[in-house]
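Along the sequence shown, the residues carry numbers beginning at 1. Fair warning: this is a prediction, and the values are worked out from it, not measured in the lab.
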Amino acid sequence: MATTTETTVADGGGPGVDTDTGKGLHPGALGMVTSLILAVASAAPAYSLAATIAFVVALVGFQAPSVVVLAFVPILFVSFGYAALNRRDPDCGTIFTWASKSLGPRIGFMGGWAIIASFVLVMGSLAQVAGQYVLVLFGANGIAADPTSPWVLLVGLGWIALMTLICYRGIEVAAAVQRALLFLEFLVLVIFSVVALVRVYTGHAGAEAVSPQLSWFNPLDIPSPSAFVSGLVLMLFIYWGWETALTVNEETKDSRRTPGRAATFSTILLLGLYLLATVATLSFAGIGTTGIGLGNPDNSGDVFSAVGQAVFGSGGLGSVLWHLLVLMILSSAAASTETTVLTLGRTTLSMGDHGALPRIFARIHPRFAIPHVSTIAVGLAGAACYVVMNFLSHGQVIGDAVSSCGLLIAFYYGLTGLTSAWAYRREWRRSASDLWLRIVLPALGGFVLVAAGVWSLRNNWDPANSATSWTLPFAPHWHIGGTFVIGVGAILVGIVLMLVRQAVSRPAP
């Protein structure tokens, strides 16, 4: 693996200055609005809420809105670190490049690997959701009810192929698709939330409904520190993805400033949307264990599918809105699948360009100006991972794979905050904003996220907190939760690959 030295790039770069690093990407292709759209769409708000909110409610009950707010704080602090590091060195490798230059190539490689592992693992879930909702949209509810159905698998694989093709055609095509998908997602999610709250306040909701309370924002009512931390790590999943604005920094106008601003603004926008949707869903459905209650395990994998029909009703307009809700989840999964391919293609491009991965990953298509080898490799890796997980434990391992992403996200987000503090450690006297926005707050956010990730390992070890488990085949025959096995296993695979790559790239004596 190639060694690097600490960056000497100046902190300048006035407005409108684009940095061309020579990788062959299309500089200046994206503006502020498009970067913001990519950042928000990457978080897949509708899909993330549908897949996560019930698990958060199972841990903290009506205090879920407080976890939404508290999880936002370290995310916001880390976004300051992303903006600061990008301003110094706008590279599509993000934390891989920044940590390599400031903390050493081994730490940088593991930061890049955490991105790769988390995004590949989540692609199986995204493809499965897309496969199911395509079938629901066309009325094949019976087939869609079985997530491991060969038809769901086939449609999911086709979805990965389609999103990979869109990314292959260039950054402008990918961005145009994102604009349309995000508009639909935001519009329907806001309509759903407003209708749910109106029905609650007018007394037209069901018996499960509970009027929103200010006490829901009090984290001191959470039953235990363990429940709080577990909920916090789960909530990282719904915020996850906004850093896509940074991975396309070399293709953005004013590449030193625009990506960082888009990333920070996207976290604030996501906070507002998540609070509205969480309060509305919690208020309308309640936390009961039957019917549409969020405590009903039958609803845990897809909250909006369970609650949507109750919110919109079965009339003519209600049926239209219900189908729009289905389309919203589908578009959310599509948007996230596309940005997953987009992000990983550029992460592996940078790692190939710096010698951390084989150089073939750094090849750029002469016409479309995209890392075509990396893009195809990402699509194939995601499809292969989906196929394997679909047949393991009747597909239940997909849920554990998504949960394990919390550890990987906490690691590379936390590492980014700490890297920012270290990279700017000698510049704290320049101004108060430099001290707080580049050192103190990113370090605080990074420390909180890393600590939360480590704490989550304790809970993930318990098989009761996972859908699958694994028993050590030799003494002491530990029985370990599948989420722990996947998360820690992914990190160990990264360490092995790093050592192998380092040995292969080491010059002969």
Side-chain angles (χ1 to χ4, degrees), residues 11 13 15 18-19 29-45 48 71-99 111-112 114-115 118-119 171 174-175 178-179 182 235-274 335-336 338-340 342-344 346-347 350 409-410 412-421 423-424 433 436-438 441-446 449:
D11 195 40
D18 297 315
T19 301
L30 307 175
M32 175 64 185
V33 173
T34 304
S35 295
L36 181 61
I37 288 172
L38 285 174
V40 175
S42 297
S48 298
F72 164 76
V73 175
I75 290 293
L76 178 66
F77 289 175
V78 166
S79 77
F80 295 151
Y82 268 95
L85 290 167
N86 179 77
R87 187 171 180 177
R88 170 177 289 212
D89 185 9
D91 189 290
C92 62
T94 59
I95 186 55
F96 156 72
T97 306
W98 302 330
I115 297 175
S118 56
F119 276 79
I171 188 68
Q178 285 294 331
R179 283 193 290 270
L182 186 64
M235 199 60 67
L236 290 180
F237 179 75
I238 74 168
Y239 282 108
W240 176 38
W242 51 265
E243 76 276 11
T244 292
L246 282 303
T247 62
V248 295
N249 49 16
E250 297 182 45
E251 298 153 280
T252 306
K253 298 175 183 177
D254 192 6
S255 58
R256 295 188 186 279
R257 290 182 171 85
T258 299
R261 291 172 179 171
T264 299
F265 291 157
S266 71
T267 63
I268 298 172
L269 193 59
L270 287 169
L271 171 65
L273 183 64
Y274 287 156
S336 189
E338 181 191 334
T339 51
T340 294
L342 200 71
T343 296
L344 278 192
R346 281 144 184 82
T347 300
S350 183
I409 299 165
Y412 80 82
Y413 273 6
L415 179 61
T416 303
L418 297 174
T419 300
S420 175
Y424 284 97
S433 63
W436 288 99
L437 298 182
R438 299 183 179 186
L441 295 182
L444 182 59
L449 292 178

**Study point:** Tyr274 and Ile238: CA distance, side-chain angles, deciding distance, side-chain contact (heavy atoms from CB on, under 4.5 Å) verdict
**Key:** CA-CA 9 Å; Tyr274 287 156; Ile238 74 168; 3.5 Å; yes
Exercise for review: Using the side-chain hydrogen bond (donor to acceptor under 3.5 Å, both in side chains) rule, take Ser350 and Thr97 through it: C-alpha gap first, then chi angles, then the decisive distance, then the call.
Suggested key: CA-CA 8 Å; Ser350 183; Thr97 306; 3.2 Å; yes
Practice item. Quick one: do Leu271 and Leu76 satisfy side-chain contact (heavy atoms from CB on, under 4.5 Å)? Show the steps, please. Key: CA-CA 10 Å; Leu271 171 65; Leu76 178 66; over 6 Å; no
Practice item. Evaluate the side-chain contact (heavy atoms from CB on, under 4.5 Å) criterion for residues Thr419 and Ile95: first the C-alpha distance (whole Å), next the side-chain angles of each, then the deciding distance (0.1 Å), finally the verdict. Key: CA-CA 8 Å; Thr419 300; Ile95 186 55; 3.7 Å; yes
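Side-chain atoms of Thr258 come within 3.5 Å of backbone N or O of Lys253 as a donor-acceptor pair. No donor-acceptor pair closer than 3.5 Å links the side chain of Arg438 to the backbone N or O of Ala421. With Thr267 contributing its side chain and Thr264 its backbone, the two residues share a donor-acceptor pair below 3.5 Å.
Ring planes of Tyr413 and Trp242: tilted class, angle from 30 to 60°. Between Phe72 and Tyr239, the ring planes are tilted. Angles from 30° to 60° get that label.
Nearest heavy atom pair, residue Ser42 against residue Gly241, reads CB-O, 3.0 Å. The two residues Ser266 and Val40 come nearest to each other via the heavy atoms CB-CG2, 3.7 Å. Across all their heavy atoms, Leu246 and Gly260 have their closest contact at CD1-N, 4.0 Å. Here the shortest heavy-atom pairing between Ala245 and Ala262 reads CB-CB, 4.0 Å. In terms of heavy-atom proximity, Ala335 sits nearest to Gln178 at O-NE2, 3.0 Å. In terms of heavy atoms, Ala99 sits closest to Leu415 at CB-CD2, 4.3 Å.
Distance check, rounded to the nearest 0.5 Å: CG of Leu437 to CZ of Arg87 gives 10.5 Å. In this structure, CG in Leu182 is found 6.5 Å from CD1 in Ile37, a value given to the nearest 0.5 Å. Within the model, atoms CZ of Phe77 and OG of Ser420 stand 13.0 Å from one another, a figure rounded to the nearest 0.5 Å. Note that the CZ atom of Arg261 and the CE atom of Met32 stand 7.5 Å from one another [nearest 0.5 Å]. With values rounded to the nearest 0.5 angstrom, Leu270 atom CG is found 14.0 Å from Trp240 atom CH2. From Asn86, atom CG reaches atom SG of Cys92 across 11.0 Å, with rounding to the nearest 0.5 Å.
Under 4.0 Å is where a charged nitrogen must lie from a carboxylate oxygen, and between Glu250 and Arg346 no such pair does.
Remark: Glu243 engages no residue in a salt bridge (Lys or Arg N to Asp or Glu O under 4.0 Å) (not counting sequence neighbours).
With a 4.5 Å cut-off on side-chain heavy atoms, Thr343 and Phe119 count as touching. Under the 4.5 Å side-chain criterion, counting only non-hydrogen atoms from C-beta, Thr416 is in contact with Leu85. Counting heavy atoms from C-beta outward, Tyr424 and Pro442 have side chains that stay 4.5 Å or more apart.
If you check the side chains of Thr244 and Thr339, you find no donor sitting under 3.5 Å from an acceptor.
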